[in-house]
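Everything numeric in this text was worked out from a predicted model, so none of it was measured.
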Amino acid sequence: MAVYLDNSATTKPCSGCVDAVNEMLINEWGNPSSLHSAGIAGKKKLIGARSAVAALLHCDKAEIYFTSGGTEANNTAVLGAADALKRRGHRIVTTAIEHESVLESAKELERRGFDVVFLQPDKHGMINENDLLAAVNQDTILVSMMYVNNEVGSILPVEKIKAAILRAGAPALVHVDCVQAFGKIDVSPKKLGADLLTVSAHKVHGPKGVGALYVRQGVRVLPRLFGGEQEKRLRPGTEASPLIAGFGAAVSQIGNLNEQLLKTTQISEYAKEKLLAIDGVKLNSPQGALPYIINIYIPTFLRSQTIVQELSSNYGIYVSNGSACAGGKKSHVLSAMRLGDEIIDKSIRISFSRYNTKGDADLLAEAIKNIVQKYPKAL
């Protein structure tokens, strides 16, 4: 039986999600923009899903805009905010350890002539608050920072962004990428001081191909797509109603966040104890990281891609060597942490969901112990 420990890449759709998608495809497949009863039935499902996402974010459902996923939501937030505010300033502040969808958007703005500051992490993947304060000036129009890093689990100081903006007297908007935090810890854009916030369905046992962008009421973001009235013209195009309904159903089945966080913390601590008992294994994730993510270095002559394949092929254990969106390339997060090629090339990410157990941690630790013994680090 497979042990799935790559939940930061994607999660198994829950039963409620599968049922909701199936129901929409078979019985309620009308275009939700149509005015007949079939369309109205689909529209009601969209309203229900929007309400479910808004409830978990403690915001108004009118502030939720559905997208094709976290990448589109991040692109819309970063590029749309910059275009809307470019007459008021040209500085963008983000970090060097963001998801590629934010990093590449920021680089595109840099090519267009914006002054983009990429805050560097320390060796633990943490961003220094003083660096944030120093980077935000009167010319800053956007600060974009992830809440939880997707590779090492570090929690970034997003709640300090608004204060930095106010201190500088900047016209900046705050964008927080909450793809790895949503559904795991309590997320409230109001408490975080966020004007824009992104989430994704397939990280919370929903379907792939759908996410959402929170836009605080009164905030103006220019659209990236054109050609319809859907999502108040911010994201036009016929809504993917089966996926959106599945998203709503998955959110509704998340359950008590505190209870799940406690359970996952216990499993995570147990897993770290077992893994660090293996001679030479080192922890890359910092103390205080989100327990859903563990990043470790494995002392072997195998590279991380091969370790991932070895665990999959010979042990039925699924992990990753970084962000799935990076397609196996060298981790930009570990590189920004300046950990050195030896560690970067032989590190893997383990990520849990509410379905994992201590038994999974036992099997993982035993498999890695075997790999280290079978393929020892070259002297």
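Both L196 and I92 belong to a common hydrophobic cluster when Ile, Leu, Val, Met, Phe, Trp and Tyr are linked at side-chain heavy-atom distances under 4.5 angstrom. Tracing side-chain contacts under 4.5 Å through hydrophobic residues (I, L, V, M, F, W, Y), one never reaches V215 starting from L56; they form parts of separate clusters. Transitive grouping of hydrophobic side chains (ILVMFWY, heavy atoms separated by less than 4.5 Å) brings I371 and F301 into a common cluster. Linking ILVMFWY side-chain heavy atoms closer than 4.5 Å, directly or via other members, places Y315 and I348 in a single hydrophobic cluster. The same ILVMFWY cluster, assembled from side-chain heavy atoms under 4.5 Å apart, contains both F182 and I185.
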In sequence, state the C-alpha distance, the side-chain angles, and the governing distance for Q180 and I293, and then conclude on side-chain contact (heavy atoms from CB on, under 4.5 Å). CA-CA 9 Å; Q180 294 294 341; I293 299 172; 4.2 Å; yes
For a side-chain contact (heavy atoms from CB on, under 4.5 Å) check, start with the C-alpha distance between F247 and V204, then their side-chain angles and the critical distance, and finish with the verdict. CA-CA 8 Å; F247 188 7; V204 293; 4.2 Å; yes
Side chain to side chain donor-acceptor pair (under 3.5 Å) assessment of E98 paired with T95: CA-CA 6 Å; E98 297 299 308; T95 83; 2.7 Å; yes
For the pair E72 and R235, evaluate salt bridge (charged side-chain N to carboxylate O under 4.0 Å, His left out) and give the outcome as yes or no after the intermediate values. CA-CA 10 Å; E72 185 190 348; R235 204 285 181 183; 2.8 Å; yes
Audit row: R111, V116, side-chain contact (heavy atoms from CB on, under 4.5 Å) steps and yes/no: CA-CA 10 Å; R111 285 189 287 269; V116 181; over 6 Å; no
Could you check E63 against K190 for salt bridge (charged side-chain N to carboxylate O under 4.0 Å, His left out), going step by step and ending with a plain yes or no? CA-CA 12 Å; E63 297 173 305; K190 291 180 175 61; 3.8 Å; yes
Check against side-chain contact (heavy atoms from CB on, under 4.5 Å), Y214 and R216: CA-CA 6 Å; Y214 159 87; R216 182 174 60 79; 3.3 Å; yes
Check the pair K369 / E366 against salt bridge (charged side-chain N to carboxylate O under 4.0 Å, His left out), numbers first and verdict last. CA-CA 5 Å; K369 182 179 179 180; E366 185 63 27; 5.2 Å; no
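Using a distance-only test at 3.5 Å, with no hydrogens or angles considered, no donor-acceptor pair links the side chain of T140 to the main chain of L142. Between the side chain of S312 and the backbone N or O of V308 there is no donor-acceptor pair closer than 3.5 Å. Side-chain atoms of K232 come within 3.5 Å of backbone N or O of A62 as a donor-acceptor pair. Judged by distance alone, the side chain of T306 and the main-chain N or O of L302 form no donor-acceptor pair under 3.5 Å. The main-chain N or O of F66 is found under 3.5 Å from a side-chain atom of E231 such that the two form a donor-acceptor pair. Between the side chain of S34 and the backbone N or O of H36, no donor-acceptor pair lies under 3.5 Å. The closest donor-acceptor contact from the side chain of T11 to the backbone of H202 lies under 3.5 Å. Side-chain atoms of D19 never come within 3.5 Å of backbone atoms of G16 as a donor-acceptor pair (strictly under, hydrogens ignored). Under a 3.5 Å cut-off, the side chain of N295 and the backbone N or O of E151 do form a donor-acceptor pair. Looking only at distances, no side-chain donor or acceptor of S200 sits under 3.5 Å from a matching main-chain atom of K203.
In this structure, CG in L290 is found 10.5 Å from OG in S351, a value given to the nearest 0.5 Å. Atom CG of L192 and atom CD1 of I161 lie 8.5 Å apart (nearest 0.5 Å). Taking CG of N22 as the start and CD of E28 as the end, the distance is 11.5 Å to the nearest 0.5 Å. Of the inter-residue distances, the one linking T76 atom OG1 with D83 atom CG reads 11.0 Å to the nearest 0.5 angstrom.
In summary, the aromatic rings of Y355 and H205 are positioned with their centroids under 6.0 Å apart.
Proximity of S154 to S285: side-chain heavy atoms (C-beta onward) are nowhere separated by under 4.5 Å. Within the 4.5 Å cutoff, the side chain of H99 has heavy atoms near those of the M146 side chain. A heavy-atom distance below 4.5 Å is not found between the side chains of N370 and V372. Between T264 and R354 there is no side-chain heavy-atom pair separated by less than 4.5 Å. Residues L234 and L213 have side chains in contact (heavy-atom distance under 4.5 Å, counting atoms from C-beta outward). Side-chain atoms of T94 and F118, non-hydrogen and from C-beta on, do get closer than 4.5 Å to each other. M126 has its side chain out of reach of P121: every pair of non-hydrogen atoms, C-beta onward, lies at least 4.5 Å apart. V187 places a side-chain heavy atom less than 4.5 Å from the side chain of Y147.
Checked by atom type, the side-chain pair H175/S144 shows a donor-acceptor distance below 3.5 Å. Side-chain atoms of K12 and Y4 form no donor-acceptor pair, as typed in the model, at a separation below 3.5 Å. One side chain, N7 or N356, offers a donor N or O that lies under 3.5 Å from an acceptor on the other. Judged by distance alone, the side chains of H124 and N284 never bring a donor and an acceptor atom under 3.5 Å apart. Side chain to side chain, Q309 and S313 fail the donor-acceptor criterion of an N or O pair below 3.5 Å.
In terms of heavy atoms, L311 sits closest to A367 at CD2-CB, 3.7 Å. Between A168 and Q138, the shortest heavy-atom contact is O-CG, 3.0 Å. Closest approach of I165 to A172, counting heavy atoms only: CD1-CB, 3.7 Å. When all heavy atoms of R91 and A135 are compared, the pair lying nearest together is NH1-O, 2.7 Å. Residues Q305 and N321 approach most closely at CG-ND2, 3.6 Å, considering heavy atoms. Smallest separation of non-hydrogen atoms from I155 and A289: CD1-C, 4.5 Å.
We find that E259 and K263 are not joined by a salt bridge, their nearest charged nitrogen and carboxylate oxygen being 4.0 Å or further apart. Salt bridge R349/D6: present, at least one basic N to carboxylate O contact under 4.0 Å. Checked for salt-bridge contact, E110 and K107 miss the test: no charged N lies under 4.0 Å from a carboxylate O. D195 has a carboxylate O that lies under 4.0 Å from a charged side-chain N of K162, or vice versa, which qualifies the two as a salt bridge. Using a 4.0 Å cut-off between charged nitrogen and carboxylate oxygen, E342 and R303 do not count as a salt-bridge pair. Between D279 and K377, none of the side-chain N atoms (NZ, or NE/NH1/NH2) sits under 4.0 Å from a carboxylate O, so this pair counts as no salt bridge. Looking at E269 and K274, no side-chain N of the basic residue comes within less than 4.0 Å of a carboxylate O on the acidic one, giving no salt bridge. Ionic pairing of D122 and R338 is not present here: no N-O contact between side-chain nitrogen and carboxylate oxygen is shorter than 4.0 angstrom.
In this structure, K346 is not positioned above the aromatic face of Y297 in the sense of NZ or CZ being under 6.0 Å from the six-membered ring centre and within 45° of the axis.
At most 12 non-hydrogen atoms from other residues, nucleotides or ligands lie less than 6.0 angstrom from CZ of R88.
None of N150, N74, N149 except one satisfies the side chain to side chain donor-acceptor pair (under 3.5 Å) rule with D177; the exception is N74.
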